[in-house]
Amino acid sequence: MTRLLWTLAVLPLAIQNALAATAEQWRGRSIYQIITDRFALAEGADLNACDPGDKTYCGGTWNSIRENLDYIQDAGFTAIWISPVNQNYDGPATDYGDPYHGYWMKDVTKLNDRFGDENDLHALVEEVHKRKMYIMVDIVVNNVMATSTNPDYSDYLFKDAAYYHPYCGIEWGNTQSEQNCWMGDSKVPLPDVDTSNPDVVSVYTRWIKDFVATYSIDGLRIDAAKHVNKDFWPQFCGAAGVFCIGEVFGDAAVEPVAQWQGADALDSVLNFPMYSALVSAFQIPGPNNVSMISSVLEESKAKFTDLTVLGNFLENQDLPRWSNLSVDPQAMYNAMTWTFMSDGIPIVYAGQEQYFHGAGDPYNREPLWPSNYANTTARQLISELNVVRNFLVSNDSDVDWVTAPTVIKTESDVGIAFEKGPVITVLTTIGSPGRNATNIVVQTDYPSETLFFEVTSGGFGDGRCIQWVVGSEGHLEVEYTKGGRPRVFVLGTVLENSHICHEEVSWAIVHEGLKSAAAPIQASLVAGAVGLFAAWMSIQY
Ligand SMILES: *[C@@H]1O[C@H](CO)[C@@H](O)[C@H](O)[C@H]1NC(C)=O
Ligand SMILES: *[C@@H]1O[C@H](CO)[C@@H](O)[C@H](O)[C@H]1NC(C)=O
Ligand SMILES: *[C@@H]1O[C@H](CO)[C@@H](O)[C@H](O)[C@H]1NC(C)=O
Ligand SMILES: *[C@@H]1O[C@H](CO)[C@@H](O)[C@H](O)[C@H]1NC(C)=O
Ligand SMILES: *[C@@H]1O[C@H](CO)[C@@H](O)[C@H](O)[C@H]1NC(C)=O
């Protein structure tokens, strides 16, 4: 993996000890999301003993994550997000099983000994930092967990009922109720901590400051962020001093989510509105409503304070797996390419790359080990996207790619094309079967004969580093006789010295354009993947 190592080497140096990775520093990262219990087992453990339907511990630990970081880093990720690390309920199994997921808090100031001890957590962070990666930890402060609506709080961090809102069931859609009433239900109530109480604020802010410093945590993923009074977050995240990305669950509409990003709330949020749009556009079978993407994007530009730090995802521990929603893998490849090449931080939930296809909780929390950590087509595409994105992030000599805005160039019911900095991405909804006479034509602002490289092959192996040339009217045109894979084109000159497309390339030609080429250039049909049209040609050396 010379290429990958080189790419990582030019990223800004990760912080070795402590220190606050800011939104600015996270913007160029790419995140792999892990439920600690389900990612990996210690060597020699029984590999067959984990059925997600059992809703109990399967044995993953911070040590087993540390021992298997190669799998993540080799796919080009530059950060991990791990499930909560703090002490959970440890009583008899409930109707919803045991807290193997880590979200059933008892005392955030203690570690969860199911996943290791403080030395193990330190060792994990140290190894992550040694690899110049970041670690984000999932934090739950909105609530604790109990088995009755009138619990004995003597074992909890907050030992007096006065630190909690009195029990009430949530009336959804009523903000006051969503923030003060209890999540969960009568089987597993989640007592709502009163985060407007000054003593609570003081205990929580002192704790998070200490926690982040002690373990050198680079960022926080905030569970149930919208269930907390908004003005709590600047105090809490200010004390933490690191990037905070909040979960504002489920909303397809932009406004209710966007209001949680900003100086009066959080650095960032998970991009649920774009998730909904991507499902609507790419799911197969599905409505293929591509205009959802541009309408969410345009509204997002108006309402979010910074799109380029939003967390873009297709899956997480609460949603059905993408492959449960959509049977054609091309749908995932295209939607996933949006999450990497448009504005925002890409997040891949462990197992997505293995085509796991469980429905909702608990079936979407499959153990990863039965996959044998295979180098699937999905994983290869992810690796390619990470290599390209990491390069673009590191190379800001002309245009700062990561902050350049995403601009939609064209859209139709068969696909969408967009530009971000010197990169044009063409996505389609048509899926795997090839189609004749289905083309996407992108009107570019580049002069004719400008050279681009296609930088992903999507596992087909035959697309990568093929040169494309902008046609006489500034067109780039893609056709789909071999099926609808995603296409990412990077301006040729940008890739010089990138090691992404280096071999066999004449950089003089890339710089000077086709006209100056001394030797004749062979225009060819490339294995049927691209065609030859009046307005453009595809060129292969
Ligand atoms: C597709 O999405 C657009 C934009 O959100 C919306 O206006 C339109 O009604 C949707 N079309 C269908 C058929 O759902
Ligand atoms: C979705 O998940 C459910 C429950 O795990 C399963 O029965 C169904 O077969 C899955 N669908 C697909 C397409 O994988
Ligand atoms: C995965 O497969 C691709 C294509 O064969 C190969 O280039 C890449 O090195 C493999 N990655 C790993 C980690 O084995
Ligand atoms: C596309 O057209 C070619 C030539 O007519 C034909 O051989 C091929 O089967 C067609 N492919 C599809 C997917 O219709
Ligand atoms: C970055 O891009 C510029 C062109 O924008 C190019 O000249 C330079 O070689 C690139 N840097 C690296 C390290 O590839």
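Every value quoted in this text rests on a predicted model; they were computed, and no experiment measured them. One-based numbering, in listed order, for ligands and for the atoms of each.
- Relative orientation of the Trp26 and Tyr134 rings is tilted, given thresholds of 30° and 60° on the angle between their planes.
- Under the rule for a side chain to side chain donor-acceptor pair (under 3.5 Å), Thr444 has no partner lying at least two apart in sequence or in another chain.
- The ring pair (Phe, Tyr, Trp, His ring centres under 6.0 Å) test with His227 is passed by exactly one of Trp260, Trp172, Phe249: Trp172.
- Side-chain atoms of Asp343 and Thr406 include a donor-acceptor pair closer than 3.5 Å.
- The cationic group of Arg114 lies under 6.0 Å from the six-membered ring centre of Tyr57 and within 45° of the ring axis, placing it in a cation-pi geometry.
- In summary, the atoms of ligand 3 found under 4.0 Å from a heavy atom of Asn375, numbered by their order in the structure, are 1 (C), 2 (O), 3 (C), 8 (C), 10 (C), 11 (N), 12 (C), 14 (O).
- Within a 4.0 Å radius of atom 2 (O) of ligand 1, the protein contributes one or more non-hydrogen atoms.
- Closest heavy-atom approach to atom 10 (C) of ligand 2 within the set Val327, Asn364, Leu325, Asn324: this belongs to Asn324.
- In terms of polar-atom proximity, defined here as any N/O pair under 3.5 Å, Tyr363 makes no such contact with ligand 2.
- Between Gln283 and Ser326, the side chains place no donor N or O within less than 3.5 Å of an acceptor N or O (distance only, hydrogens not considered).
- Under the 4.0 angstrom criterion, atom 5 (O) of ligand 2 counts as having a protein heavy-atom contact.
- At least one heavy atom of Ser291 sits less than 4.0 Å from an atom of ligand 1.
- Per-residue contacts place Arg379 under 4.0 angstrom from the following atoms of ligand 3 (heavy atoms of the residue considered): 13 (C).
- For ligand 3, the polar-atom distance check finds no N/O of Asp74 at less than 3.5 Å from any of the ligand's N/O atoms.
- Of the protein's non-hydrogen atoms, Asn289 ND2, 2.8 Å is the one closest to atom 11 (N) of ligand 1.
- With hydrogens and angles left out, the side-chain atoms of Ser457 and Glu384 include a donor and acceptor closer than 3.5 Å.
- Considering only non-hydrogen protein atoms, atom 14 (O) of ligand 2 sits nearest to His357 ND1, 2.9 Å.
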